[in-house]
Amino acid sequence: MTAFDVRILGSGIVSRSLALALARQGLRVALQARPATRSAGPDLRAYALNPASVRLLSELRAWDTLPPDARTAVHDMRVAGDAPGARLEFSAFTQSVPALAWIVDAAALEAVLDTAVGFNAMVSLFDEPPTAPLTVVAEGKASGWRDKLGVRFEQHSYGQRAIAARLVCDRPHNGVAHQWFRSPDILALLPFDRPQPGHSFGLVWSVSPAESERLLALPVAEFEAALNEACGEAAGRLTLGSERAAWPLLLGRASAISGAGWALVGDAAHVVHPLAGQGLNLGLADVAALAEVLAERESWRSPGDADLLRRYARRRVTGTWAMTQATDGLWQLFAGQQPLLRELRNRGLGLVNHIAPVKRWLVGQALDS
Ligand SMILES: Cc1cc2nc3c(=O)[nH]c(=O)nc-3n(C[C@H](O)[C@H](O)[C@H](O)COP(=O)(O)OP(=O)(O)OC[C@H]3O[C@@H](n4cnc5c(N)ncnc54)[C@H](O)[C@@H]3O)c2cc1C
């Protein structure tokens with residue numbers, strides 16, 4: 001008899017969410033503590049979360065605990081290609097949904113989840129969690145345990161880095177997200193309320209490694225000039241409201257996500273390009289699926305039962321595959337510089353913009369992943 005039912009390795013948002021979800025079922029969870037020293041400052045990213053993720057975080061009582069300025073609803077989205085008139089517009093109103101997505105402060109969400117696990121009697125924190133019938137690996141894309149389990153991680157670098165920062169704009173954002181596909185760069189402005197309520201954006205700017213280095217090294221005024229030139233002031237005049245940081249981008253997929261006594265969740269299982277803002281959404285969908293499978297298990301089955309965990313893998317295979325393919329396909333289409341691809345994507349954007357059922361389908365896919 002072990003003291004814990006589940007041990008969870010890793011200290012990101014997915015690991016904390018899973019610990020809370022399993023604790024709600026009365027499972028005893030040994031969770032990895034966050035390392036005492038963090039190399040970087042607070043995470044500058046603002047994540048776009050879909051309604052399924054918001055539902056899960058609400059059930060875990062993490063959503064309502066977020067400070068109001070740490071979560072902003074997206075009501076409209078404007079996507080532009082790299083030819084005049086190539087654009088696609090989505091609106092929550094015409095799609096009859098309360099919001100297309102919510103933009104959430106990564107550091108605030110981490111803090112709220114840390115507090116919740118700290119107060120949860122079913123969750124114990126350890127630097128090295130003791131063994132348990134089920135080990136869940138949530139260590140992110142560079143997971144060491146995944147390798148120890150003998151799971152291959154097929155990865156392909158996109159040859160890009162994503163620069164993230166907080167911006168302040170001189171016009172209200174009105175809940176409008178903007179995205180530019182300016183082959184090979186992809187630039188997104190996510191409406192946000194930090195640092196200035198109603199007048200901020202989260203920036204995600206995917207560029208080549210050399211361009212990323214150049215943009216990060218530019219003095220603030222020159223960076224802002226480059227940014228405003230790239231956005232054409234569609235969202236107003238933008239100024240930096242934080243430091244800048246960059247992440248390497250890759251496509252990654254584990255060869256298996258479950259086995260006898262173990263399961264992989266989040267970026268340890270799959271990594272996608274952030275152009276569709278779906279990586280964490282996929283990770284939180286893993287959490288919901290694994291928690292559901294464990295809740296449904298027959299009383300005689302151990303949480304680490306291989307057949308049980310295979311159910312988890314089966315539930316996740318289609319959704320993850322579809323989102324990975326869609327994100328990679330979009331990247332191939334929009335980052336490619338061949339004239340034919342350029343023509344195709346720009347015509348495609350305009351076409352989709354005028355076909356309401358296709359737009360509805362696209363929004364549905366993004367909301368339900
Ligand atoms: C620029 C950018 C923008 C993004 N935007 C979005 C978005 O808008 N929407 C969205 O859904 N997704 C987005 N993503 C993806 C999202 O960041 C990831 O999918 C998500 O962070 C994965 O969470 P995770 O908990 O699985 O992994 P991680 O966030 O990597 O967390 C795992 C953590 O565990 C820690 N860890 C590993 N080993 C140990 C150990 N032995 N002891 C203690 N800790 C350990 C790691 O250091 C890491 O901090 C974006 C990604 C990037 C790069």
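First listed ligand is number 1; within each ligand, the first listed atom is number 1.
Residue V265 has no nitrogen or oxygen atom sitting less than 3.5 Å from a nitrogen or oxygen atom of ligand 1, judged on distance alone. Between Y47 and ligand 1, an N or O atom pair is found at a separation short of 3.5 Å. Ligand 1 has no N or O atom lying under 3.5 Å from any N or O atom of S15, backbone or side chain. Among the atoms of A268, none of the N or O lies under 3.5 angstrom from an N or O of ligand 1.
Short contacts between ligand 1 and R45, defined as distances under 4.0 Å to a heavy atom of the residue, involve ligand atoms 1 (C), 2 (C), 3 (C), 17 (O), 51 (C), 52 (C), 53 (C). For ligand 1, the atoms lying closer than 4.0 Å to a non-hydrogen atom of V14 are 23 (O), 24 (P), 25 (O), 26 (O). Atoms of ligand 1 lying under 4.0 Å from at least one heavy atom of G279, given by number and element, are 10 (C), 11 (O), 12 (N), 15 (C), 19 (O). Ligand 1 places these atoms under 4.0 Å from at least one heavy atom of G277: 7 (C), 8 (O), 9 (N), 10 (C), 11 (O). Atom numbering of ligand 1 starts at 1 in the shown order; those under 4.0 Å from a heavy atom of I13 are 25 (O). Contact atoms of ligand 1 toward G266: 26 (O) (distance under 4.0 Å to a heavy atom of the residue). Heavy-atom contacts of G12 reach the following atoms of ligand 1: 25 (O), 31 (O), 32 (C), 33 (C), 34 (O) (cutoff under 4.0 Å). The atoms of ligand 1 that sit less than 4.0 Å from any heavy atom of A138 are 32 (C).
Within the model, atoms CZ of F90 and CG of D76 stand 11.5 Å from one another, a figure rounded to the nearest 0.5 Å. Atom CD of Q32 and atom CG of L125 lie 10.0 Å apart (nearest 0.5 Å).
Between W180 and H178, the angle of the ring planes stays under 30°, which puts this pair in the parallel group of the 30/60° scheme.
Taking a 6.0 Å sphere around CZ of F126, one finds it holds more than 12 heavy atoms contributed by other residues, nucleotides or ligands.
When heavy-atom distances to ligand 1 are checked against a 4.0 Å cut-off, A164 has no atom that comes that close, whether in backbone or side chain. Looking at N281 against ligand 1, both its backbone and its side chain come within 4.0 Å, counting heavy atoms. When non-hydrogen atoms are compared, ligand 1 lies under 4.0 Å from the backbone of Q278 (N, CA, C, O) but not from its side chain. Residue-level proximity to ligand 1 for A142 is absent, since no heavy atom of it falls below 4.0 angstrom. Looking at P274 against ligand 1, only its side chain comes within 4.0 Å, counting heavy atoms. The proximity of S53 to ligand 1, defined as any non-hydrogen pair under 4.0 Å, does not occur for either the backbone or the side chain. At a heavy-atom cutoff of 4.0 Å, ligand 1 is contacted by both the backbone and the side chain of E139.
Under a 4.0 Å heavy-atom criterion, G283 is not in contact with ligand 1. Look at A33 and you'll find a heavy atom under 4.0 Å from some atom of ligand 1.
Ion pairing between R297 and D305 fails under the 4.0 Å rule for side-chain N and carboxylate O. Salt bridge status for E59 with R55: absent, with no side-chain N to carboxylate O gap under 4.0 Å. By the 4.0 Å N-to-carboxylate-O rule, E292 lies close enough to R315 to be salt-bridged with it. Salt-bridge formation is detected for the pair E298/R311: a Lys NZ or Arg NE/NH1/NH2 atom is positioned less than 4.0 Å from an Asp or Glu carboxylate oxygen.
Residues H173 and D193 have side chains in contact (heavy-atom distance under 4.5 Å, counting atoms from C-beta outward).
The closest side-chain donor-acceptor pair between N50 and S53 falls under 3.5 angstrom. One side chain, D328 or Y158, offers a donor N or O that lies under 3.5 Å from an acceptor on the other.
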Can you list, pair by pair, the side-chain donor-acceptor contacts under 3.5 Å of residues 251-259, counting residues two or more places apart and other chains?
residue: S255; atom: OG; partner: R152; partner atom: N; Å: 3.1
residue: S255; atom: OG; partner: R152; partner atom: O; Å: 3.4
residue: S258; atom: OG; partner: L309; partner atom: O; Å: 3.3

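Residue pairs meeting the salt bridge (Lys or Arg N to Asp or Glu O under 4.0 Å) criterion with at least one partner in residues 263-288, sequence neighbours excluded, are D286-R316.
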